[in-house]
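The sequence lines fix the lettering, A, B, ..., with proteins before strands; numbering per chain opens at 1. Keep in mind the model is a prediction, meaning the values are calculated, not measured.
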Amino acid sequence: MTYKPKSEFLHEMQTRGFLSDCTDLEGLDEALLNGVVPAYIGFDATADSLHVGSLIQIMMLRWLQKTGHKPITLMGGGTTKIGDPSGKDESRPQLTGEKINENIAGIRKVFDKYLTFGDGPTDAVQPNNAEWLDGLNYIEFLRDYGRHFTINRMLTFDSVKLRLEREQPLTFLEFNYMLLQAYDFAELNRRYGCVLQMGGSDQWGNIVNGIDLTRRVNQNTVFGLTTPLLTKADGSKMGKSASGAIWLNEDRLSPYEFWQFWRNTLDADVGKFLKLFTELPVAECERLGALKGAEINEAKIILANEVTTLAHGADAAAAAEATAREVFEKGGVGDDLPTVTLDPADLSDSGISIVQLFVKSGLAKSGKEAKRLIAEGGAKLDDKTVSDAGMMIPRDAVAATLKLSAGKKRHALVKLG
RNA sequence: GGGGGGGUGGCAGAGUGGUCAAAUGCAACGGACUGUAACUCCGUCCGGGAAACCGUACACUGGUUCGAAUCCAGUCCCCCCCA
C-alpha cells in the first residue's frame, strides 16, 4: 500500500527512515524526477551552534544536494526576534539583532561541513528571513496576507490550543509567528522557486500553512515533508548528555566528546542511527545494527567514526578513536581528551587542592560534588583512586600534564598554562 | 467584578510552629555486574570547610514568636468556579 518513490532522494529518505509525513508523496516524487528541486528547512538562531537534535534535518539536506537538488538553509533571523510557540509553554527570550547575526555565523560553520554553498544550480544557499521580514509593512502585510488566515483555523493548532487550554498567555506577538513562517515559504518560492519545505513533525502545522499561503498568493503548488520525532530506544530524549547538549560545533563540544556520544549509543538504536546519520549503504547499516552481544560495539565505533567524520573531518574522527582506544582499552592517556589549562595564579605556594582541580577541569560542578566523587571512590588522578579529599597537588607536580577521571568514562587532562 | 485554591530542591510532589537542608518518585552522578551496553543491585544528590561546623534556601517584603516552609499583613504570579 505504501507508495514506492521513484526519485533517488525520496527513495533514500524512505528506506533510511527519514519520512514521517508528506503532503503529497507522489506529486513530490514527480517533481523530483523532473528537475532540480529547491527545498528548505528553517533553523532558528537562538544559539551559535546546532546540536544533534537538528542533525536529522541537516542530513536530509545533504542527501537532497547529493541527489541533485538545491538545499536552502533558511535562517530565522527575523522570526527569532519573536520566539516560536510550538511545543513550548513559555515564550522564548528575545534576542538582539546583533546576537542573532553572530549566531547565524556560528551555525553557518556547521552547515559548511555538510553542504556545498555557492551560486550553481544545486549549490546551497542560506538566506535570512530578516531580509524580508524586517522591512515588512504592517498594513500591506495585513491586506495581502492576513486575509488568507482565519483565526478559527489558527485556534485549532496544537501549539496554540495547548497554551489556551492551560490558560497560559499567548501573546499576539507569538500568535503571529505562524503567519510569518508561512510567509517565508511564499517568499522563498518567489525568490528561489522553492517548492518544498521540510522539518520535524512538530512543524507540520506551520508547513501546511506555508503551502496553503503559497498556493493562494503565488498560485503555485508546493510540498511539505516531515521527519519523525527522534527518541532513543529507552524513550528518553535524543541529544542530551551528562555535560549538556551535543553540539555540532567543535568549539562547543570537542570532537572526542562528540565521538563518545555516538560510541555510547544504545544497542537498539545503532541500526536506526547508522541509517539516519551516516551515508553507509542501508544493507550495511542493517547488518551492523543486527550484530549481537559484544560485537555490536564494533558497529558503534563505525557509527561514531562515520558521524564524527562528517561533522569534524576524518582526522578528528581517527584521533578520537585513537584516544578512546588508548583510554578505555589501555587505561592510558590520549591527546584528544578535554584539556584544561590552569592559570598559574590558581596555584598557591602549596599548590592546588585536588577538589579545586576537579572543579576547574569541569568534571565536577562544585567542590561538594568533587568531594562526593572522592568519597564514592570515583575520582582518579593519573589512574590512581583519590581517597583523601584534602589532598594538595604541589606546584611541580602540576608542571607535568595530569590525568583526572570521574568515573570510568569521564576524563580530562590538566596542565599548567 | 465576586468566591475558592495555590506558589517547596533540575522536574513532579509531600510537608501546617521546633526532631526540616525538607518524605517519595523521576532525572542526574558514583560503585558492583558487563560489552565504554541494557537490565538489576548498592550509594550519592544546595553551597563553603580535611573535619567539627558554618552559610544560604521553601514566590517577594515586612511582622508575631525563644523558634516559621509552616501563623499574620502587604505585594507579585498561577489555577478553578460564578458574572
Considering every strand and a 4.0 Å limit on heavy-atom distances, what is the contact class for [X]: base, sugar-phosphate, or nothing?
X: A:Ala324; result: base
X: A:Glu295; result: nothing
X: A:Arg263; result: base

If you only use heavy atoms from C-beta on, which nucleotide in [options] is closest to the side chain of [X]?
X: A:Leu373; options: B:U36, B:G35, B:G30; answer: B:G30
X: A:Lys371; options: B:G35, B:C45, B:G49; answer: B:G49
X: A:Leu266; options: B:A38, B:G47, B:G35; answer: B:A38
X: A:Lys408; options: B:G30, B:A32, B:G35; answer: B:A32
X: A:Ser366; options: B:C29, B:G47, B:U36; answer: B:G47
X: A:Lys409; options: B:U36, B:C29, B:U44; answer: B:U36
X: A:Gln260; options: B:U36, B:G35, B:G31; answer: B:U36

Distance between the [atom1] atoms of [N] and [M], in whole angstroms?
N: B:G43; M: B:C53; atom1: P; value: 24 Å
N: B:A14; M: B:G7; atom1: P; value: 9 Å
N: B:G3; M: B:U16; atom1: P; value: 27 Å
N: B:C41; M: B:C77; atom1: P; value: 47 Å
N: B:C60; M: B:A83; atom1: P; value: 36 Å
N: B:C81; M: B:U44; atom1: C1'; value: 45 Å

Both distances under 3.5 Å, Watson-Crick or G-U wobble: report the partner of [N], or none.
N: B:U75; value: B:A59
N: B:A14; value: none
N: B:C41; value: B:G31

Kindly say whether the aromatic ring centers of A:Phe277 and A:Trp262 come within a distance under 6.0 Å.
yes
Taking the ring of A:Phe185 and the ring of A:Tyr40, is the distance between their centroids below 6.0 Å?
yes
Round to the nearest Å and state the distance from [X] atom [atom1] to [N] atom [atom2].
X: A:Asp269; N: B:A38; atom1: CG; atom2: P; result: 12 Å
X: A:Ile374; N: B:C45; atom1: CD1; atom2: C1'; result: 16 Å
X: A:Arg372; N: B:G30; atom1: CZ; atom2: P; result: 12 Å
X: A:Lys368; N: B:C54; atom1: NZ; atom2: P; result: 13 Å
X: A:Glu376; N: B:U44; atom1: CD; atom2: C1'; result: 4 Å
X: A:Asp267; N: B:U36; atom1: CG; atom2: C1'; result: 12 Å
X: A:Lys365; N: B:G10; atom1: NZ; atom2: C1'; result: 10 Å
X: A:Phe328; N: B:G35; atom1: CZ; atom2: P; result: 15 Å

Donor-acceptor contact present, side-chain A:Thr323 to main-chain A:Asp336, <3.5 Å
yes
Just do the side chain to side chain contact (heavy atoms under 4.5 Å, CB included) check on A:Phe149 and A:Leu213 with the steps written out, would you?
CA-CA 8 Å; A:Phe149 294 89; A:Leu213 186 68; 3.8 Å; yes
Is a side-chain donor-acceptor pair under 3.5 Å present for A:Asn305 with A:Trp259?
yes
Given the options A:Arg16, A:Lys275, A:Lys272, A:Glu286 meets salt bridge (charged side-chain N to carboxylate O under 4.0 Å, His left out) only with A:Lys275
Side chains of A:Leu55 and A:Val307, heavy atoms from C-beta outward: is any pair under 4.5 Å?
yes
